[in-house]
**Student:** 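To start, I am sharing the structure in question, which I have written as structure tokens.
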Amino acid sequence: MPTFVDRVVLHAAAGDGGHGCASIHREKYKPLGGPDGGNGGRGGDITLIVDSGVTTLLDFHFHPHRRATSGRPGQGSNKNGADGEDLVLPVPDGTVVLTQDGEEIVDLVGAGTSFVLAHGGRGGRGNAALASARRKAPGFAELGEPGESLDAVLELKSVADVALVGYPSAGKSSLVSVLSAAKPKIADYPFTTLVPNLGVARAGDLPPYTVADVPGLIPGASQGRGLGLEFLRHIERCSVIVHVLDCATLEPDRDPLSDLDVIERELAAYSENLADRPRVVVLNKIDVPDGRDLADLVTPDLRERGLEVFPVSTATREGTRALSLFLAGTVAEHRRASPVASATRIVLRPRAVDEPDFAVRAVGDGFVVTGAKPLRWIRQTDFTNDEAIGYLADRLARLGVEEQLARLGAEPGAEVTIGDVTFDWEPTLSGRGALAQYATQRADESTGGVATVGGSGVTRAREGVLGPRGSDDRLSGSVRLTRGERLTRRARRLAELDAPDAADGAFEAAQDGVLVDEDGVVTRADRRDAGWDEAVWGGEDNDHWDDDAGDEDAGDEDAGDEDGPVVVWAGREDDGTAASSGDDGNDEERTGGRRAGDEE
Ligand SMILES: Nc1nc2c(ncn2[C@@H]2O[C@H](COP(=O)(O)OP(=O)(O)OP(=O)(O)O)[C@@H](O)[C@H]2O)c(=O)[nH]1
Ligand SMILES: [Mg+2]
């Protein structure tokens with residue numbers, strides 16, 4: 001059974017957010033008492049924290065799967081779900097968190113340093129929180145977001161002050177046992193030490209320092225011979241490297257000087273960062289008669305190389321006190337020179353202030369929308385609920401996704417992918433597309449609220465004309481084109497492009513005014529052709545269509561929307577008239593109509 005583990009793969013799954021609740025308050029004589037669905041709770045995070053009491057990653061070796069609890073769903077009567085509990089995992093000082101591909105995510109040094117490895121999912125808002133002037137009693141709630149789930153590699157790079165390196169059986173473990181109270185295994189065969197040992201040493205009045213004894217190195221360790229260089233990561237952070245040289249080896253082709261060169265070569269092969277680390281040479285086993293002679297012989301050579309040399313015997317403890325004092329002094333000096341590793345505050349990948357909320361790319365025949373917000377909104381949407389889908393469409397439009405799609409030349413019916421959801425784009429869904437603006441304009445001018453465009457009925461309505469709970473009228477009438485229709489449309493468009501002075505990109509129309517053909521297709525741009533009133537439609541100060549593009553999460557996203565008209569498809573009518581008549585913006589009328597009774 002392993003007792004020391006310094007590399008594990010941790011499968012971390014943060015808690016999911018609880019779903020929001022869609023509920024309507026009920027009371028005697030008050031059948032529709034308004035929305036009272038509570039919010040779902042946040043899922044618990046998974047946090048790593050450096051704990052000085054932990055020295056190995058053994059725990060993760062036995063329990064590699066860790067999961068934080070999920071948030072509870074919201075409930076009626078405005079009851080919010082409880083948050084999931086965060087899972088705090090103690091790790092040893094010097095733990096490095098890497099991706100599966102070996103890319104470093106964070107280096108945890110200093111007791112108390114913590115890092116959120118996986119974030120819990122947000123809870124979904126309940127319909128009480130989603131209620132607005134426009135949607136007074138939403139028939140849907142947001143879903144809780146799934147918590148982050150990832151596989152991370154945890155690697156321990158011990159934070160020892162002094163690292164002992166040398167051939168097997170040179171006496172490294174013996175030295176640790178002499179310098180500190182640690183009791184590593186010591187024996188007369190190579191590779192006695194299989195995993196690093198740590199000891200805390202003390203000398204004189206100097207502050208204690210830690211000593212790491214790594215498994216022995218042999219020539220070719222960098223090619224994987226012996227135990228390889230795997231354990232050398234434990235010496236990466238040390239302030240002094242101590243070469244333990246065996247002066248009493250019986251192997252014919254070895255002597256302290258060539259041993260030193262071999263080990264240095266292997267260290268250099270491992271990492272060039274170790275080159276500038278101060279070195280100390282320990283000539284061990286001088287209690288053996290030949291050993292003392294050999295030590296005396298090589299000492300001048302080593303001193304000439306500028307190395308500090310200590311002849312010692314761990315058997316008789318000769319020379320070990322001087323060595324310990326020297327090491328303690330060097331470590332203390334090094335600590336004075338470098339800042340203390342205390343709990344580090346870790347900030348990862350801060351988001352640039354001017355980073356756009358989303359991006360739209362044309363990919364093949366379709367479009368892909370990326371960005372934190374759209375992706376989150378998709379995760380929060382219950383696609384079995386039409387009203388929730390309508391809400392999503394509104395959010396996307398308000399963010400400007402529609403406009404961007406139109407600008408890139410997306411045609412109705414184009415495949416738009418956000419996250420793992422792909423749908424056919426219907427610009428009119430949002431009430432903010434060019435078509436919708438056009439139709440609204442027409443409606444204002446001619447029919448006082450009802451616009452008819454070709455074969456499709458387009459109803460202009462004030463915001464707030466919604467169907468029964470859980471449905472969205474705008475989704476009921478499909479304007480999806482058949483393949484044949486799309487081909488004809490494309491052919492017509494190409495023909496137009498050939499003709500000079502024709503459409504220079506249909507959707508530039510959004511700026512200059514648009515013309516719409518009998519199919520309800522934007523064909524070319526010329527405001528004057530359309531005969532629109534500049535004062536109403538074109539002016540710089542026309543913020544009539546501007547919408548609150550801000551974050552919705554403030555909960556007041558719809559508050560300022562009352563002036564912004566919305567145009568919706570009301571289905572395809574053969575006789576070319578609108579399916580239903582919109583009203584002219586009278587809130588009283590509206591609430592007195594279809595949705596009477598839904599509110600209050
Ligand atoms: N005579 C004598 N023997 C020693 C001395 N130091 C260590 N030894 C012996 O050398 C052998 C190896 O000692 P270890 O401390 O296990 O050597 P190591 O460098 O840790 O070896 P690995 O763990 O295999 O890399 C043991 O039998 C020790 O008793 C010493 O100063 N004098
Ligand atoms: Mg050993």
Side-chain angles (χ1 to χ4, degrees), residues 2-4 6 55-56 158 160 162-201 210-222 224-235 238 240-251 254-256 258-267 270 279-299 302 309-324 326-327:
T3 53
F4 177 88
D6 60 354
T55 52
T56 117
S158 306
V162 175
L164 306 183
V165 293
Y167 265 85
S169 295
K172 301 179 294 298
S173 303
S174 309
L175 189 55
V176 168
S177 74
V178 168
L179 294 177
S180 71
K183 292 279 162 273
K185 186 173 176 187
I186 297 166
D188 193 10
Y189 56 86
F191 304 114
T192 308
T193 304
L194 295 173
V195 295
N197 296 307
L198 277 183
V200 180
T210 46
V211 190
D213 157 35
V214 295
L217 299 172
I218 53 172
S222 51
R225 286 190 65 204
L227 293 178
L229 297 180
E230 201 203 321
F231 296 106
L232 281 190
R233 67 166 163 275
H234 293 283
I235 75 170
C238 71
V240 189
I241 294 176
V242 174
H243 282 285
V244 182
L245 303 177
D246 188 347
C247 293
T249 177
L250 297 174
E251 286 175 51
R254 278 180 53 192
D255 67 87
S258 66
D259 281 7
L260 178 66
D261 293 338
V262 166
I263 302 298
E264 278 295 344
R265 253 201 305 282
E266 298 302 332
L267 292 183
Y270 174 73
R279 260 90 161 150
V280 172
V281 171
V282 167
L283 297 167
N284 191 26
K285 308 194 187 177
I286 55 166
D287 56 304
V288 181
D290 288 352
R292 190 180 296 273
D293 296 345
L294 189 56
D296 290 344
L297 193 72
V298 296
T299 304
L302 294 167
V309 183
F310 291 88
V312 304
S313 164
T314 61
T316 63
R317 303 211 164 192
E318 187 185 339
T320 53
R321 200 180 141 68
L323 171 67
S324 192
F326 179 80
L327 292 177

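Heavy-atom basis, side chains included; hydrogens, waters and symmetry copies ignored. Whatever order the structure lists ligands and atoms in, that order sets their numbers, starting from 1.
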**Student:** Test your reading of the model: is there a side-chain donor-acceptor pair from Ser324 to the backbone of Thr320, 3.5 Å cut-off?
**Tutor:**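 Flag not set: sc Ser324 to bb Thr320 has no pair under 3.5 Å.
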**Student:** For the residue pair Cys238 and Ile241, what are the closest heavy atoms and their distance?
**Tutor:** SG-CG1, 3.8 Å
**Student:** Taking all non-hydrogen atoms of both residues into account, name the closest pair between Lys172 and Val214 and its distance.
**Tutor:**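 Of all heavy-atom pairs spanning Lys172 and Val214, the closest is CE-O, 3.3 Å.
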**Student:** Please report how many protein N/O/S atoms lie under 2.8 Å from the Mg ion (ligand 2).
**Tutor:**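 For the Mg ion (ligand 2), the figure is 2.
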**Student:** Between OH of Tyr189 and OG of Ser169, what distance do you get to the nearest 0.5 Å?
**Tutor:** 9.5 Å
**Student:** Ligand 1: which residues have a non-hydrogen atom closer than 4.0 Å?
**Tutor:** Tyr167, Pro168, Ser169, Ala170, Gly171, Lys172, Ser173, Ser174, Ile186, Ala187, Asp188, Tyr189, Pro190, Phe191, Thr192, Thr193, Gly216, Asn284, Lys285, Asp287, Val288, Ser313, Thr314, Ala315
**Student:** Would you name the heavy atoms of Leu245 and Asp259 that are closest together and state the gap between them?
**Tutor:**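 Answer, listing the atom of Leu245 first, then Asp259: CD2-CB, 4.0 Å.
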**Student:** Which heavy atom of Thr210 sits nearest a heavy atom of Ala160, and at what distance?
**Tutor:** OG1-CA, 3.2 Å
**Student:** With a 4.5 Å heavy-atom cut-off, do Leu232 and Leu267 have their side chains touching?
**Tutor:**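 They are in contact (side-chain heavy atoms under 4.5 Å apart), so the answer is yes.
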**Student:** Kindly indicate whether the side chain of Leu302, heavy atoms from C-beta on, has any atom under 4.5 Å from the side chain of Leu283.
**Tutor:**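 The answer is yes, as the side chains (C-beta and beyond) meet within the 4.5 Å cut-off.
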**Student:** Decide yes or no for Asn284 and Leu175: does some side-chain heavy atom of the first lie under 4.5 Å from some side-chain heavy atom of the second?
**Tutor:**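 Result no, sub-4.5 Å side-chain heavy-atom pair not found.
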